[in-house]
Visitor: 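Quick one: this structure, given as C-alpha cells, is what I'll be asking you about.
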Number of protein chains: 2
Amino acid sequence: MSDLNNRRLEIDALRAIWAIRHHGGITRAAEALGLSQSAVSHKIKRLETSLGCELLNRRAGATAFTTAGEELLDYAGRILGLHDEALLSLSKTALAGRIALGLTEDTTCSALAHILGRFRRLHPDVTVRTQVRMSLVLRAMLEQGELDAAIVQVFAHEVRPTDVILFRETLHWVKHPSLILPNGASVPFLSFHDDCFYRHWALDIGQDGGIMLETVFECASAAGIVAAVSSGMGVALLNERHLRPDMQIINDHFPVPPDLVYVVRRGRKVRNAALDTLVAEIESEISRYGGLALAS
Amino acid sequence: MSDLNNRRLEIDALRAIWAIRHHGGITRAAEALGLSQSAVSHKIKRLETSLGCELLNRRAGATAFTTAGEELLDYAGRILGLHDEALLSLSKTALAGRIALGLTEDTTCSALAHILGRFRRLHPDVTVRTQVRMSLVLRAMLEQGELDAAIVQVFAHEVRPTDVILFRETLHWVKHPSLILPNGASVPFLSFHDDCFYRHWALDIGQDGGIMLETVFECASAAGIVAAVSSGMGVALLNERHLRPDMQIINDHFPVPPDLVYVVRRGRKVRNAALDTLVAEIESEISRYGGLALAS
DNA sequence: ATGCCGTCATCGAAATTTGTCATGTGCCTG
DNA sequence: CAGGCACATGACAAATTTCGATGACGGCAT
C-alpha cells in the first residue's frame, strides 16, 4: 500500500470494476469499455495494490467480488453517478419544453431510470411524461404522434437508421427436459399477452414452418412464462436473460427465432431540442458502458 | 472538446481546482498539493480543453472562477468527499470506544466538521463527544485527563513533537490609520476575553518592551475586535485571516508577536485505537491539501 | 485421464499522459 | 517604468497506461 495520502481512485478504474460487475468478467468488461483485456486486468491490479487489498476472487469463468470489492463497487456507483452528472451539467444548455416518452416494462428498472432522474435534475424546465406500455402499443402511439420517443423492442431486421440501439437480445425456443414433443401433433405454446409482438411471429410460423402451435397459456409477464416452462407446460419463446438452468433450448425442427433489439425510436415530430439531449445522454451512457445494464 | 464519451474528470484535477479555490490561486494551490506551479496550471488547462469551456478567469493577483468553474467546484467537492470516504472505508478496521474531543470555536466551521461527520459514519461504534472551549481551557482539560485530544492554538515555539500541526498563523499588531499613537502615553488595547492565551503575552510586554497597554475593550469574538479596530478604538493583535483592507499593520516600536500554530494535541492516555485513527485521518487530510481550509 | 476452450495474469515494447524546468507574458505597484 | 507577482507555455524527462503475445489455470467434454 502506497502512502495514505497519495492514493487515489482513478475514475477509469472505478468504471472498470463497475463494468466488470455488470458484464460479468474482465474480458467482457474490456470489450464494453473499448479496451484490451490486459488493460482492464492491469487497471484492477493497480487498484488492488494501491488499496492494499483484493477486490476480485479471480477464477476463469466466474469472477466474484470480495467483500472489499462489493464495498468499493457501492462507492464507485455513487462517484460515477456524480461524475457523469457533473460532465453533463457542464455541457448542458438551458432546455425547456415537454417530452412524451414511452417505455416497456422491461426497461423501467434499467439504467434508464437513472438517466431519466438525472435529466429531470439537470433540466427542471423540461416536463417528461412517461408511459409504460408494450412495444406494439408504443409503436402505434409513435405513429399517431402521441409520443415523442419510445424505448421499444423490435426485430433486428426492422431496425431503422434513425433508431438508437440499446442492446440486442437473442430469442430461444425453450422447454423443460421433462416435456417430450410428440412428432406431428400440435405443440403446446406458452404465450405472452396478445399485444406481444413476437407472439405474432410465433403463431405465423404455423403456416410456414410446418409446426402447429396451440396456445395453452397466456401471461403478460415474463415471470409467469418462466414458471410455466419450468413446470413443463409447454414451449415458449424467451430472451436469453430469462433462461434458467433447468430449461432446455430447442434447436431442432423449430425455425430459428429472429434476433431482438431494444431501440430508442423517435416519433415523427422533427425538432425537439430537449428530446435530442435526452437521446444523446442515453447514447452516451450506452457507448460508455457498451450497452445498458438491465435487471434480469 | 473531445468525444463526449471519452471525457473524464481526473480526481487529481478536481483536487487541484478545489485547492485553487481554497488557497486562492494556482501558485498557492500547487504548493499545498506538493506540485510545481506549471503542473497545476497544465492540469487545469487540460481540464478546460477536455470540457471545452473556461473554468478560471486568469489574472495575476486575483484568479476568479467562471460560472462553469463554480459549478464544477460544487461537484468536485461532492465527488472528492465520496472519493476520500471510499478510500478510508476500504482501509478501515472495526473500531469501538469513545473519544472526548475539544475544539476551539474557530475550527468548528473548518474541514474538521466534515472529518468528524465522516468518522461517525465510518465508525458508528465509536462515540465522539466534542466540547468547544478556548485554547487555554482546552489545554487545562487535556492536562487533567478530561479530554483525549483537542485542537488548540499554541505559540509556534511551544509545539511539542507529538503535536500534529494543522496550520500556522501570523499575528500582527493592527490599528486603523486614523488612530495616531502618542509617544510615551499608554496604548489603548482591544483585547480578547480573559482566557485568550495570547492576551497574556500582550499584557506581559508592558514590562519588557517599554510599551504600556491599557485595555479599553474586551470581546470574546474576533468579529467584535475587528469592528473595534476599524472604528479606530485602539490597537489589537489579530490573525492574518482577520485583517481587513482598512487596517494598518504596526511594525515599529511594538515587539514582534510570536507566530501561532493550530495543533492537534493528545491527552496523557496512552492507547486509544479510535483516537489514533481519527488523528491519522486529520493528518491525511492536511497533507493532502497542505493545511486545513478555515473559514475566515 | 487428456485435450480443448474460455478466462485471466504477466511481460516487454510502444504510446500516451503527467510533471518539471526554464522562460515568456500580462498586470499591478511603488 | 522597473520590479515583482501570478500564470502560461514549450521542450524535454519521467512515469504511467495500453497493447499484443504468451503462459497458467480451471472447467468441460470426450
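Order of the sequence lines sets the chain letters (A, B, ...), proteins ahead of strands, with each chain counted from 1.
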Visitor: Using only side-chain N and O atoms of B:Lys45, determine if any of them is under 4.0 Å from OP1 or OP2 of D:dC7.
Guide: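 It does not, given that no N or O in the side chain of B:Lys45 lies less than 4.0 Å from OP1 or OP2 of D:dC7.
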Visitor: Once you round it to whole Å, what is the distance between C1' of D:dG20 and CG of A:Leu35?
Guide: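 A:Leu35 atom CG is separated from D:dG20 atom C1' by 14 Å.
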Visitor: Which one, C:dT7, C:dG19, D:dA6, comes nearest to the side chain of B:Arg28?
Guide: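 For B:Arg28, the side-chain atoms sit closest to D:dA6.
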Visitor: Side chain of A:His42: nearest nucleotide among C:dG12, C:dG19, D:dC7?
Guide: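 Minimum distance to the A:His42 side chain belongs to C:dG12.
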Visitor: Of the nucleotides C:dC8, C:dT20, D:dT18, which one has an atom closest to the side chain of B:Ser36?
Guide: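 The nucleotide sitting nearest to the side chain is C:dT20.
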Visitor: Between P on D:dT16 and CG on B:Asp12, what's the gap in Å once rounded to a whole number?
Guide: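 Result: 12 Å.
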Visitor: Round to the nearest Å and state the distance from B:Leu56 atom CG to D:dA6 atom P.
Guide: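 So the two atoms are 15 Å apart, to the nearest Å.
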Visitor: Please determine, for the side chain of A:Ser41, which listed nucleotide (D:dT9, C:dT7, C:dT10) has the closest atom?
Guide: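 Ranking D:dT9, C:dT7, C:dT10 by closest atom to the A:Ser41 side chain puts C:dT10 first.
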Visitor: Please examine the side chains of B:Leu243 and B:Ile249, heavy atoms only from C-beta on, and report whether any two atoms are closer than 4.5 Å.
Guide: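 Answer yes - side chains close enough.
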Visitor: Is there side-chain contact between A:Met247 and A:His242, with at least one heavy-atom pair below 4.5 Å?
Guide: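 A side-chain contact is absent here, since even the closest heavy-atom pair is not under 4.5 Å.
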Visitor: Would a 4.5 Å heavy-atom cut-off, applied to side chains only, mark A:Leu9 and B:Leu87 as touching?
Guide: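 SC-SC contact between A:Leu9 and B:Leu87 confirmed.
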Visitor: Starting from P on C:dC8, measure out to CD1 on A:Ile17 and report it in whole angstrom.
Guide: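 Rounded to whole Å, this separation is 15 Å.
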Visitor: Out of D:dC7, C:dG19, D:dA6, which nucleotide sits closest to the side chain of B:Ile26?
Guide: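 Given the options D:dC7, C:dG19, D:dA6, the side chain of B:Ile26 is closest to D:dC7.
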Visitor: Within the structure, does a side-chain N or O atom of A:Lys43 lie under 4.0 Å from either OP1 or OP2 of D:dT17?
Guide: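 So the side chain of A:Lys43 is outside the cut-off, no N or O lying under 4.0 Å from OP1 or OP2 of D:dT17.
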Visitor: Tell me which nucleotide among C:dC21, D:dT18, C:dG19 gets nearest to the side chain of B:Ser38.
Guide: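 Of the options given, the side chain of B:Ser38 lies nearest C:dC21.
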Visitor: Any non-hydrogen side-chain atom of B:Leu260 less than 4.5 Å from a side-chain atom of B:Phe155?
Guide: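 Answer yes - side chains close enough.
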Visitor: Separation of A:Arg8 atom CZ from D:dT17 atom C1', in whole Å?
Guide: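 Taking atom C1' of D:dT17 as the reference, CZ of A:Arg8 is at 12 Å.
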Visitor: For D:dT17, does either OP1 or OP2 sit under 4.0 Å from a side-chain N or O belonging to A:Arg46?
Guide: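 Yes.
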Visitor: So, OP1 or OP2 of C:dT7: does either fall under 4.0 Å of a side-chain N or O from A:Thr27?
Guide: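 Negative; the distance criterion is not met.
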Visitor: Please report the distance, rounded to the nearest Å, between CD in B:Gln37 and P in C:dA22.
Guide: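 Rounding to the nearest Å, CD of B:Gln37 and P of C:dA22 are 14 Å apart.
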Visitor: Assess whether salt bridge (charged side-chain N to carboxylate O under 4.0 Å, His left out) is satisfied between B:Glu70 and B:Arg21, documenting all intermediate values.
Guide: CA-CA 9 Å; B:Glu70 293 287 355; B:Arg21 149 62 98 229; 2.9 Å; yes
Visitor: Taking CD from B:Glu31 and C1' from C:dT20, how many angstroms apart are they, rounded to a whole number?
Guide: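 In whole Å, C:dT20 C1' lies 16 Å from B:Glu31 CD.
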Visitor: Rounded to the Å, how far apart are B:Ile44 CD1 and C:dG19 P?
Guide: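 Whole-Å distance recorded here is 11 Å.
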